[in-house]
Every structure is written in structure tokens, then in C-alpha cells.
Amino acid sequence: MGAVTDEQVELVRALIIGVPVGRVTTYGDVAAAAGLSSARIVGWVLRIDGSDLPWHRVLPASGRPASHLHTEQLERLRAEGVLAVDGKVDLRTLRHQF
DNA sequence: CCCCTGACGCTAA
DNA sequence: GTTAGCGCCAGGG
């Protein structure tokens, strides 16, 4: 199985939309829930067409946003009450369970 | 077809 | 705490 189906892409979008305000998820968790073999695919979906999604609630497993998004993502999260310490979000407490 | 670039993740050192 | 290496996979040149 190598091809990414449209259903999987739609599922990724639906899953992300389902993350509640004030909570976050990770690329890996979304990938697993959508049945994808690689977290990169989730990043790909968001990069290609994620502007209409709450993409800021998706973080790397490290809890630290990719450098080019660092400022904006943390700002959006802060606006929802998700605070970061040293640019890092505490996934242990804020991670959403699918 | 080969090579490179990513909004990634895990392990080892 | 850090860096390096590998696996992963879609697209573009």
C-alpha cells in the first residue's frame, strides 16, 4: 500500500477539524488515526491545502512548531489559551485523544 | 529514472 | 540538553 487515497486525505481534514479549541494533536497521531504510514503525509496535506483548517492545533511530537511557523502558530494557540513554555507546548496535558 | 526538498518521528550517541 | 542517521512518502526539477 503506497498510494494515499482521497478518503484518507478527507479523514485527515476531518480529524483535524475535530480537535477541540484549547487542545492540540500531533502529525503522528493524525497519521495513525487516518491509517497513513507516514506523518509526513499529514504535513503535506496541510502545506498543500490547510489554510481552511485549524492547522495551528497540529504540532510535531516534540511540541515545538517547525521554525518557519514558530511565531504564527504559537500566537494562534496563545489566543485559544494554549500556552507554550520556551516555545514548546506541553503535549502531556494538552494532547487530544482521538 | 535520479536527486532533492520538506508543516515528521524514532533511536542512538 | 544536543546532533546525526535512517525510515517514511508526495511532488518538482
Side-chain angles (χ1 to χ4, degrees):
Chain A
M1 298 278 296
V4 178
T5 69
D6 289 354
E7 281 103 32
Q8 285 176 310
V9 173
E10 283 309 305
L11 185 49
V12 165
R13 301 173 66 79
L15 285 165
I16 292 175
I17 290 173
V19 178
V21 174
R23 305 284 295 305
V24 298
T25 187
T26 69
Y27 291 91
D29 284 358
V30 174
L36 295 172
S37 54
S38 171
R40 281 186 180 279
I41 305 299
V42 177
W44 168 71
V45 172
L46 291 184
R47 180 174 67 80
I48 294 306
D49 193 28
S51 50
D52 55 326
L53 299 173
W55 58 267
H56 54 284
R57 296 182 198 147
V58 185
L59 293 163
S62 62
R64 259 186 86 153
S67 69
H68 62 286
L69 295 171
H70 189 84
T71 306
E72 165 130 44
Q73 186 158 22
L74 289 183
E75 186 179 329
R76 288 190 176 217
L77 287 174
R78 183 162 51 77
E80 301 184 340
V82 176
L83 302 179
V85 180
D86 270 334
K88 172 168 154 287
V89 175
D90 187 349
L91 295 177
R92 286 189 311 178
T93 61
L94 296 174
R95 177 168 150 128
H96 171 66
Q97 300 303 302
F98 285 120

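Chain A is the first sequence line, chain B the second, and so forth, proteins listed ahead of strands; every chain is numbered from 1. All values below come from the heavy atoms of this structure, side chains included, with hydrogens, waters and symmetry mates left out.
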Engineer: Is there a side-chain contact between A:Ser37 and the phosphate of C:dC9, meaning an N or O under 4.0 Å from OP1 or OP2?
Structural biologist: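 Yes, A:Ser37 has a side-chain N/O under 4.0 Å of OP1/OP2 on C:dC9.
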Engineer: Show me the side-chain donor-acceptor pairs of residues 9-20 of chain A shorter than 3.5 Å, one per line, residues at least two apart or across chains.
Structural biologist:
unit_1  : atom_1 : unit_2  : atom_2 : d
A:Arg13 : NH1    : A:Asp49 : O      : 2.9
A:Arg13 : NH2    : A:Asp52 : OD1    : 3.3
A:Arg13 : NH2    : A:Asp52 : OD2    : 2.7

Engineer: Kindly compute the distance separating CD (A:Gln97) from CG (A:Asp29), expressed to the nearest 0.5 Å.
Structural biologist: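 Between A:Gln97 CD and A:Asp29 CG, I get 7.0 Å after rounding to 0.5 Å.
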Engineer: For residues 53-62 of chain A, which residue pairs qualify under side chain to side chain donor-acceptor pair (under 3.5 Å), counting only residues two or more places apart or in two chains?
Structural biologist: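 Residue pairs passing side chain to side chain donor-acceptor pair (under 3.5 Å), neighbours aside: A:His56-A:Glu80, A:Arg57-A:Glu80.
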Engineer: Expected output is a numbered-order residue list: members of residues 41-60 of chain A with a heavy atom under 4.0 Å from any atom of DNA chain C. What is it?
Structural biologist: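 DNA chain C contact set from residues 41-60 of chain A: A:Ile41, A:Trp44.
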Engineer: Whole angstroms only, please: what is the CZ-C1' distance between A:Arg64 and C:dT2?
Structural biologist: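 Spelled out: CZ on A:Arg64 to C1' on C:dT2 is 11 Å.
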Engineer: Sticking with atom P, work out how far C:dC6 lies from B:dA7, rounded to a whole angstrom.
Structural biologist: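 The answer is 22 Å between these two P atoms.
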Engineer: Check nucleotides 10-13 of chain B against the protein and report each pair of N or O atoms closer than 3.5 Å, with its distance, or say if there are none.
Structural biologist:
none

Engineer: Could you list all the salt bridge (charged side-chain N to carboxylate O under 4.0 Å, His left out) pairs where at least one residue sits in residues 62-73 of chain A, not counting sequence neighbours?
Structural biologist: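 Checked against salt bridge (charged side-chain N to carboxylate O under 4.0 Å, His left out) - neighbours excluded - the pairs reaching residues 62-73 of chain A are A:Glu72-A:Arg76.
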Engineer: Per the ring pair (Phe, Tyr, Trp, His ring centres under 6.0 Å) rule, what does the pair list look like for residues 72-98 of chain A, sequence neighbours excluded?
Structural biologist: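 Of all non-adjacent pairs touching residues 72-98 of chain A, those that pass ring pair (Phe, Tyr, Trp, His ring centres under 6.0 Å) are A:His96-A:Phe98.
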Engineer: Taking only residues two or more places apart in sequence or in another chain, which ones pass salt bridge (Lys or Arg N to Asp or Glu O under 4.0 Å) with A:Arg47?
Structural biologist: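 A:Arg47: no salt bridge (Lys or Arg N to Asp or Glu O under 4.0 Å) contacts found.
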Engineer: In residues 84-91 of chain A, what donor-acceptor pairs under 3.5 Å come from side-chain atoms, sequence neighbours left out?
Structural biologist:
unit_1  : atom_1 : unit_2  : atom_2 : d
A:Asp90 : OD1    : A:Arg92 : N      : 3.0

Engineer: Taking ILVMFWY side chains as joined if any heavy atoms are under 4.5 angstrom apart, and letting links pass through other members, which residues group with A:Val21?
Structural biologist: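 Result for A:Val21 is none, singleton.
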Engineer: Counting only heavy atoms and a strict 4.0 angstrom limit, can you tell me which residues of residues 82-98 of chain A come near DNA chain B?
Structural biologist: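 DNA chain B contact set from residues 82-98 of chain A: none.
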Engineer: Please name all residues satisfying side chain to side chain donor-acceptor pair (under 3.5 Å) with A:Arg78, sequence neighbours left out, ordered by chain then number.
Structural biologist: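 Residues passing side chain to side chain donor-acceptor pair (under 3.5 Å) with A:Arg78: none at all.
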Engineer: Report the secondary structure of DNA chain B in dot-bracket form, marking unpaired bases with a dot and bases paired to a different strand with |, and treating Watson-Crick or G-U pairs with both distances under 3.5 Å as paired.
Structural biologist: .|||||.||||||
